[in-house]
Amino acid sequence: MSLQVHNTLTRTREEITPRHGEGQTLSLYTCGPTVYAHAHIGNFRAYVFEDLLQRHLQERGFIVRRVMNLTDVDDKTIRGAHAAGIALADYTRPFKEAFFEDVKTLRLLPAEAYPAATDPEQIARMIAMIAILMEKGNAYQAEDGSVYFRIASFPDYGRLAHVDLENQRSGQRVASDEYDKEAVADFALWKAWVPEDGPVGWESPWGKGRPGWHIECSAMATGLLGETIDIHCGGVDNIFPHHEAEIAQCECAAHGEKPFVRYWMHCAHLMVEGSKMAKSAGNFFTLRDLLQKGWTGREVRYALISVHYRGALNFTIEGLGSARTALGRLDAWRARLYETAGSETAAERPDPATEGFFSALDDDLNISAALAVLFETLRESNRRMDMGNEEKLTPAQARGLLNWLVRVDGVLALEADSSTTIPAEVEELVAARAAARTGKEWKKSDEIRDQIAALGWIVKDTKDGQKLTKA
RNA sequence: GGCGGGGUAGCCAAGUGGUAAGGCCGGGCUCUGCAAAAGCCCCAUGCGACGGUUCGAUUCCGUCCCCCGCCUCCA
């Protein structure tokens, strides 16, 4: 089966294919964070979905060139910098750094590039693109000095969101500075400098100012990936107007190659404990908040990845608990397979049904069906490791499953962190306890267990001896 | 009003015109000095409501109810 995804533009499932002359390469543009605060769990839902997409595309042999932008100039960042009394760059820097730490924590593959809106070369690209739009009559400078995109010049506007502007309830937020626009729906390409911007601003053919949000993605995406991008992702809330605006800008500025994007993919929103995540509701989480409460990156990753991207995800603490338990089972299973495989290097191909994991993902990233294959494989092989007869799982079969798991984890990235080193002190206690147990000195054994626990380790007795895990 | 997403066991969640995957919780058993963990087994005559089509519908059609999101810079 071919890899198919739901394309927001056509509202149908379409097979992903590379473009002619591009070999197996696919370009992927993903809208990144606005660095005015720490990214929250809802932002990461989108990034985890995009990561799953990228990893599965790679598993299927595609070479993915992904770009993710960083919005480091907008109303919020300017306001934040002003409130803190520091320069814009100094205000956004720590949030950028924090974002990259979070990316690692959640095991997101790094993008090929993370262009920031304030990079001089990106500002130059944006100005160049606006100039083309001005030249072609798709943009105009208004009385207020700002440059706007003329939506009337692009009949296709609304095609992605399937909206007819005539039918829209006109926005209630028509700010006074928008009186200068030809049409209410026209959006800013270049925002003229205003006193509130303070030291933030760049010179342009239209005077000092700063770029509009939409032009940022358009310029960076086409600048780094070309006039046509294969896949563009984001959250559903970006469909309109952001992505609609990107299409308008890019297709009007293009030298011919169209469309701007071949496959649009959008993930649904995330809710927390059944309600919309909001600071006022007290259910607003950043990744950092969760780490502080003792949850790990991979537990959060599991919780975020395990629900289909186009369905609303209800993020709950109970769900994190579920994730922890399920991951524990996977860890224990993997460890058991390692033991069974031993030093065997020859691998026997696992049951063909295990390929169902990947074919499920071919079906618009049906993660639920994929995980079902994983857990069915777990149960079946555990059953066979329990057996004592000729059906018992052989080392070669275990090795085969481990090899399959390498591919599975290439997509899920949920394997336990590489074994943490056990302190010598704990090692000694374990050895002492082993001796005590050989002599059936149960009281001493229990005391040592308490000592080990005090050092932050949990010891469990299995038929193969003591097993240590970090508390 | 327009455009979307969704209502499947206590919770999360796939899926199919032919009698309901998987995860968590719960119950049972095995292992076990104890503890903990792990493993195996069990756990929806039911898929928002009501009609219709059909030998048969959760799945198709119709009507309706409810929840969530977007509608100008929030993933």
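Heavy atoms only: backbone and side chains are in, while hydrogens, waters and symmetry mates are out.
Straight-line distance between the C1' atoms of B:U8 and B:G23: roughly 15 Å, to the nearest whole Å.
Here A:His38 and A:Phe95 bring their ring centres to under 6.0 angstrom of each other.
Using Watson-Crick or G-U wobble geometry with both donor-acceptor distances under 3.5 Å, B:U54 finds no partner in any strand shown. Across all strands shown, B:G17 forms no Watson-Crick or G-U wobble pair with both distances under 3.5 Å. In this structure, B:C31 makes no Watson-Crick or G-U wobble pair, since no nucleotide meets both defining distances under 3.5 angstrom. Shown here, B:U45 forms no base pair; nothing in the strands shown gives a Watson-Crick or G-U wobble contact with both key distances under 3.5 Å. Figure legend. B:C70 is base-paired to B:G2; pairs are counted as Watson-Crick or G-U wobble with both atom distances under 3.5 Å.
The only option from A:Arg45, A:Arg301, A:Lys104, A:Arg107 that meets the salt bridge (charged side-chain N to carboxylate O under 4.0 Å, His left out) definition with A:Asp51 turns out to be A:Arg301.
A:Ser445 comes within 4.0 angstrom of a base, heavy atoms only. Residue contacts shown for A:His266 are absent, as no nucleic acid heavy atom lies under 4.0 Å away. Heavy atoms of A:Arg383 sit under 4.0 angstrom from primed sugar atoms or phosphate atoms, though from no base atom. Backbone-only engagement by A:Met271 is indicated by non-hydrogen atom pairs under 4.0 Å involving sugar-phosphate atoms exclusively. At the heavy-atom level, A:Leu270 lies under 4.0 Å from base atoms of the strands shown. Contact annotation for A:Ala372: base contact, defined as any heavy-atom pair under 4.0 Å involving a base atom. In this structure, A:Arg449 reaches the bases: a heavy-atom distance under 4.0 Å links it to at least one base atom across the strands shown. Using a 4.0 Å heavy-atom criterion, one finds that A:Gly42 contacts the bases of the nucleic acid, with or without backbone contacts as well. Backbone-only engagement by A:Asn382 is indicated by non-hydrogen atom pairs under 4.0 Å involving sugar-phosphate atoms exclusively.
B:G33 has A:Trp442 stacked on its base ring, the centres lying under 5.5 angstrom apart and the planes within 30 degrees of parallel. Here A:His269 counts as stacked on B:A75: its ring centre is under 5.5 angstrom from the base ring centre and the planes meet at under 30°.
A donor atom on one side chain and an acceptor atom on the other are found under 3.5 Å apart for A:Asp289 and A:Thr286. Side-chain polar atoms of A:Thr71 and A:Asn69 form a donor-acceptor pair below 3.5 angstrom.
Under the 30°/60° scheme for interplanar angles, the aromatic rings of A:His266 and A:Trp264 are found to lie parallel.
Atom CG in A:Leu365 sits about 17 Å away from atom P in B:A13, given to the nearest Å. Distance, A:His6 NE2 to B:C3 C1': 12 Å, rounded to whole Å. A:Trp457 places its CH2 atom 17 Å from the C1' atom of B:A36, with the value rounded to the nearest Å. Going from atom NZ of A:Lys444 over to atom P of B:A35 covers 22 Å, rounded to whole Å.
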Evaluation steps, salt bridge (Lys or Arg N to Asp or Glu O under 4.0 Å), between A:Arg407 and A:Glu355: CA-CA 10 Å; A:Arg407 287 174 59 213; A:Glu355 281 307 307; 2.7 Å; yes

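Closest approach to the A:Pro241 side chain among B:A14, B:U72, B:G23 is made by B:U72 (side chain taken as heavy atoms from C-beta onward). Among the nucleotides B:G33, B:C40, B:A13, the one closest to the side chain of A:Ser368 is B:A13.
Between A:Glu376 and A:Asn314, the residue anchored nearer the 5' end of RNA chain B, judged by the nucleotide with its closest heavy atom, is A:Asn314. Each of A:Lys443 and A:Phe44 has a nearest nucleotide on RNA chain B; the 5'-most of these lies closest to A:Lys443.
The base of B:G15 has none of its N or O atoms less than 3.5 Å from a complementary donor or acceptor on the side chain of A:Asn366. A donor-acceptor contact under 3.5 Å is formed by the side chain of A:Arg437 with the base of B:G33.
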